[in-house]
Amino acid sequence: VTTSDEDDDRSERRQAARPRAAVTGPASGEAGDKISKPERLLNLVAFLLSSRNAVPFAQIKGRVAGYDDDASPEALEKRFDRDKAELRALGVPIVYEPLDEHGHEGYRIPREQYFLPEIRLGVEEAAALAVVQRYAQEAKGDPLARPLASAVRKVVVDSPLSGAAAASITEQHMLGVPTEPASGDVGPNLELLTDAVLRRRPVRFRYYAIGRDEESAREIEPYGLGWNEGHWYLVGRDRGREDVRRFRVDRIRGRARIVAGTFQVPEDFDVADHVDRPAFRLRSDATGERVQVELRPEVAFMARDALRQGWTLEDLHGGGGLLSFEATDRRAAVRFVARHLQRARIVAPATLRDEARDYFGAILAAHEGPAAAAPARPDRRAGRARR
Amino acid sequence: MTRDPYESLRHALAIIPLVQAHQGLTIEELAQRTGLTEQQITDEVAKLVMMCGVPPYAPNNYVSIWLEKGRVYVRFAEQFERPVRLVLQEALALLLALKPLASEDHPFAPAVRRLRSKLLTALDPDAQKALRRTERAFHRTARGSSAGRIGALREAMARCRELRIVYWSAHRAALTERVIRPYAMAEHDGDWYVIAHDSGRDEVVSFRVDRIKEAELLEGEYEIPADFDVKAWNRDRDFVPRPGRTVAKVRFTGDAVRWAREELPRKDVVVEPDGSITAQIRVGSEVWFLAWLVQFGPGFEVLEPAELREKVAQTCREVLAFQDAPPTAVISQA
């Protein structure tokens, strides 16, 4: 950026050869009279915003920079149609107004629809914005990082915080950046799935179901996406299985692609219900049963604060807690309780308590006495375990 | 990420009103506020802005943006009074990113809830409706629980006052009492952590907020050291026990093989002729490691070291002993 004044020569040069970046440096390689698309769009927005009344296309064509070259009238009209659509996607509303009583007709950008209404931000609200702005800069693996950065850039116009103050807040409060999973690059699939969810377009991909150790082709109506415990999940209706399923994005093999058509999302769908659902509630085909787990006093307080819908916690003598929840997958319920080692035990149902006992009994049996040497059976092919 | 062909245009439409509202902002300040680099602003955005004008393209029909003594000014840009409204994707991304800050485990929660409703009113009614629908299609886990303790933590951070906490240490598997100096809060996988100096250990460590059982504000004051950098706390290793010197050799068999292979770095895994795998795993905290291992059920076996193998057996005996102990009575509600 250099100093600029009324006597700069941009207009003359525009009339003459239309160089790019009149005072900021030499033209950057493109032909001198070619106006770039961002430049044309910006000029169109500037023109429509500064016009008090609706303007017909005849007043745009041949006048507004980017519409004043010697392209055919049809080509110019097509260009204008494309530009309107692209500007709308950027949030710039261009409306057509039919002839009014003052004799005006044509295109207009209604300011009340274009301008971001003033958002009076308190200091802490602005601080929160600063924290998410920092996140947007760092979370390259988040498919919404770019619209997030763009959103904050707009809203900060009303921020009472200086840049330095905002920077010091981001030194004290930081959002975690989703880490890339070790297995595979999920970035491109995540971007495609985000787009498919937003536009309600079905997708097709090959998916590795780790539980069954099998890879198969799926056609999914993608209802939503979520991030939980280090993984991205896609939730959608599996057309082949006629059921809503959850998929871990890093278990999609190869690239997902969008297929023709569209679909409806059930009114009451909420992706959080699926993404945050504990593993012992995932099976939808099994009937649930109530599980009771006793927690030792030292960990019961955490459960008390983190109860989910449908969970209860009763106080026990001695300070412990009796946690109760519904499970549809017994094995997963045992695993969930096992993680707490000697600080939790299954109390009911009795059959599940026995399963937990067998579970730890088997681990104990494998660890009693010294370890056996690794078995060598060279007659079997190396590879994935078979059941 | 694929390139956005309208990037410079978006930037220009946001920067012009910002400079107009704050003429003479330093370029550094403008960069900080917009999250762009100074170079992006001078090279890419300003170049585009300088080419923007309206017919008849006389000199004063062009937008002028210039830098004088490190400060940025704009002129002839009155038509760009405000930034463009948020589009659906932007509003969605913003509300989603704010979610962890609305968790009860973070002191900004009440402010973020206010911000959320302000942002919603800045959308037109159709966009509001579309957003409510789309918002339920995207999710980022944000747990929160300790509303009762957050007040003391907030005070401590705002006034740089020491805090006494009773904390469940997963690493030591015990409730411990500490005096801490909170430096920062960091979110990781849906949980909030306080990164604080622990007086007992004379070390900066992270504490998961939901594991703080009690918190009490103390009189002692402190300063955050100048060389403290929260950015350094942004990786898994900072929130799980750091790998120690012990290297465990573990065999996984049957179904456990698939899950273990997915989680372990390939270079640490050897596939045995029978299809089982043997992995060398660096152990941070023993408790933490055991809790992770037992999820594999009978499909794992610790081969080495012998002490860790015995620790697994001992833990199983304790679990089974608790399992077989007499029932504990529920305190009946009055």
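Chain letters run A, B, ... following the sequence lines, proteins first, then strands; residues in each count from 1.
Residue A:Val64 touches chain B through both its backbone and its side chain, counting heavy-atom pairs closer than 4.5 Å. Heavy atoms closer than 4.5 Å to chain A are found in both the backbone and the side chain of B:Ala325. Neither the backbone nor the side chain of B:Ala306 comes within contact range of chain A, judged by heavy atoms closer than 4.5 Å. Both the backbone and the side chain of A:Glu298 come within contact range of chain B, with heavy atoms under 4.5 Å apart. For A:Glu118, the parts sitting under 4.5 Å from any heavy atom of chain B are the backbone and the side chain alike. B:Leu96 touches chain A through its side chain: at least one heavy atom from C-beta onward sits under 4.5 Å away, while N, CA, C and O do not. Contact of B:Asp229 with chain A is made through backbone and side chain together, with heavy-atom distances under 4.5 Å. For chain A, the nearby parts of B:Phe322 are the backbone and the side chain; heavy atoms of each come within less than 4.5 Å. Only the backbone of A:Leu161 comes within contact range of chain B, with heavy atoms under 4.5 Å apart. With a threshold of 4.5 angstrom between heavy atoms, B:Leu18 approaches chain A through its backbone and through its side chain. Heavy-atom distances place no part of A:Ala126 under 4.5 Å from chain B, backbone and side chain included. Heavy atoms of B:Val330 lying under 4.5 Å from chain A belong to its backbone as well as its side chain. Both the backbone and the side chain of A:Ala128 come within contact range of chain B, with heavy atoms under 4.5 Å apart. Neither the backbone nor the side chain of A:Val235 comes within less than 4.5 Å of any heavy atom in chain B. With a threshold of 4.5 angstrom between heavy atoms, B:Arg10 approaches chain A through side-chain atoms but not through N, CA, C or O. Neither the backbone nor the side chain of A:Arg304 comes within contact range of chain B, judged by heavy atoms closer than 4.5 Å. A:Ser51 does not touch chain B: none of its heavy atoms, backbone or side chain, sits under 4.5 Å away. Heavy atoms of B:Thr328 lying under 4.5 Å from chain A belong to its backbone as well as its side chain. Contact of A:Val334 with chain B is not made at all, since no heavy-atom distance falls under 4.5 Å. At a 4.5 Å heavy-atom cutoff, the contact between A:Leu322 and chain B is made by side-chain atoms alone. For B:Phe296, the part lying near chain A is the backbone, with the side chain staying farther off; criterion is any non-hydrogen pair under 4.5 Å. With a 4.5 angstrom heavy-atom cutoff, A:Glu294 touches chain B via backbone and side-chain atoms both. Heavy-atom distances place no part of B:Leu293 under 4.5 Å from chain A, backbone and side chain included. Heavy-atom distances place the backbone of A:Pro370, and not its side chain, under 4.5 Å from chain B. Only the side chain of B:Leu13 comes within contact range of chain A, judged by heavy atoms closer than 4.5 Å. For B:Val287, the parts lying near chain A are the backbone and the side chain together; criterion is any non-hydrogen pair under 4.5 Å. Only the backbone of A:Ala89 comes within contact range of chain B, judged by heavy atoms closer than 4.5 Å.
Per-residue counts of heavy-atom pairs under 4.5 Å with chain B were compared for A:Val265, A:Val152, A:Ile346; the largest is that of A:Ile346. Interface check for chain B: of the options A:Glu368, A:Gln59, A:Arg331, A:His340, the most heavy-atom pairs under 4.5 Å are formed by A:Glu368. Chain B forms more heavy-atom pairs under 4.5 Å with one residue of A:Gly91, A:Ser162, A:Ala149 than with any other, namely A:Ser162. When A:Ala338, A:Gly226, A:Ala272, A:Ala362 are compared by the number of non-hydrogen pairs under 4.5 Å with chain B, A:Ala272 comes out ahead. Interface remark: of the candidates B:Gly297, B:Pro110, B:Ala321, B:Ala21, B:Gly297 forms the most heavy-atom pairs closer than 4.5 Å to chain A. When each of B:Gln89, B:Gln323, B:Lys118 is scored by its heavy-atom pairs under 4.5 Å with chain A, the top score falls to B:Gln323. Between chain B and the options A:Phe269, A:Phe301, A:Phe47, A:Phe360, heavy-atom pairs under 4.5 Å are most frequent for A:Phe301. In terms of non-hydrogen atom pairs under 4.5 Å with chain A, the most contact-rich of B:Arg309, B:Glu29, B:His11 is B:Arg309. Ranked by heavy-atom pairs shorter than 4.5 Å toward chain B, the options A:Ala151, A:Gly224, A:Gly320 are led by A:Ala151.
For an aromatic pair to be called close, the ring centres must be under 6.0 Å apart, and B:Phe300 with B:Phe252 fails this. Ring-centre distance between A:Tyr223 and A:His274: not below the 6.0 Å cut-off.
More than 12 heavy atoms of other shown residues, nucleotides or ligands fall within 6.0 angstrom of atom CD in B:Glu78. More than 12 non-hydrogen atoms from other residues, nucleotides or ligands lie less than 6.0 angstrom from CZ of A:Arg357.
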Check against side-chain contact (heavy atoms from CB on, under 4.5 Å), B:Arg261 and B:Arg266: CA-CA 7 Å; B:Arg261 279 177 76 127; B:Arg266 194 168 296 176; over 6 Å; no
What verdict does the side-chain contact (heavy atoms from CB on, under 4.5 Å) test give for A:Leu225 and A:Tyr233, after you've listed the backbone C-alpha separation in whole Å, the side-chain angles of each residue and the deciding distance to 0.1 Å? CA-CA 6 Å; A:Leu225 273 168; A:Tyr233 293 93; over 6 Å; no
Take B:Leu303 and A:His367, measure what side-chain contact (heavy atoms from CB on, under 4.5 Å) needs, and give me the verdict at the end. CA-CA 8 Å; B:Leu303 304 173; A:His367 288 83; over 6 Å; no
Residue pair A:Tyr135, A:Met174: steps toward the side-chain contact (heavy atoms from CB on, under 4.5 Å) verdict: CA-CA 7 Å; A:Tyr135 167 83; A:Met174 182 181 59; over 6 Å; no
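Listed for the B:Gln32 side chain is a donor-acceptor partner under 3.5 Å among the backbone atoms of A:Ala164. Side chain of B:Arg75 to main chain of B:Ser64: no donor-acceptor pair is present (N/O by atom type, distance under 3.5 Å, no hydrogens or angles). With B:Lys249 contributing its side chain and B:Val302 its backbone, the two residues share no donor-acceptor pair below 3.5 Å. A donor-acceptor distance shorter than 3.5 angstrom exists from the side chain of A:Ser50 to the backbone of A:Ala46, with no hydrogens or angles considered. Of the possible donor and acceptor atoms, one in the side chain of B:Glu187 sits under 3.5 Å from a partner among the backbone N and O of A:Gly176. With hydrogens and angles ignored, the 3.5 Å screen pairs a side-chain donor or acceptor of B:Thr34 with a backbone N or O of B:Leu30.
By the 6.0 Å and 45° rule, A:Arg339 does not stack over the aromatic ring of A:Tyr359.
Between the CD1 atom of A:Ile210 and the CH2 atom of B:Trp259 there is a distance of 5.0 Å, given to the nearest 0.5 Å. With rounding to the nearest 0.5 Å, the separation of CG in B:Leu92 from CG in A:Leu148 is 10.0 Å. Atom CD1 in B:Ile65 sits 13.5 Å away from atom NZ in B:Lys47 (nearest 0.5 Å).
Evaluation of the salt bridge (charged side-chain N to carboxylate O under 4.0 Å, His left out) test over residues 83-93 of chain B, restricted to residues two or more places apart or in two chains, returns A:Lys154-B:Glu90.
No hydrogens or angles considered: a donor-acceptor pair under 3.5 Å links the side chains of B:Thr278 and B:Glu272.
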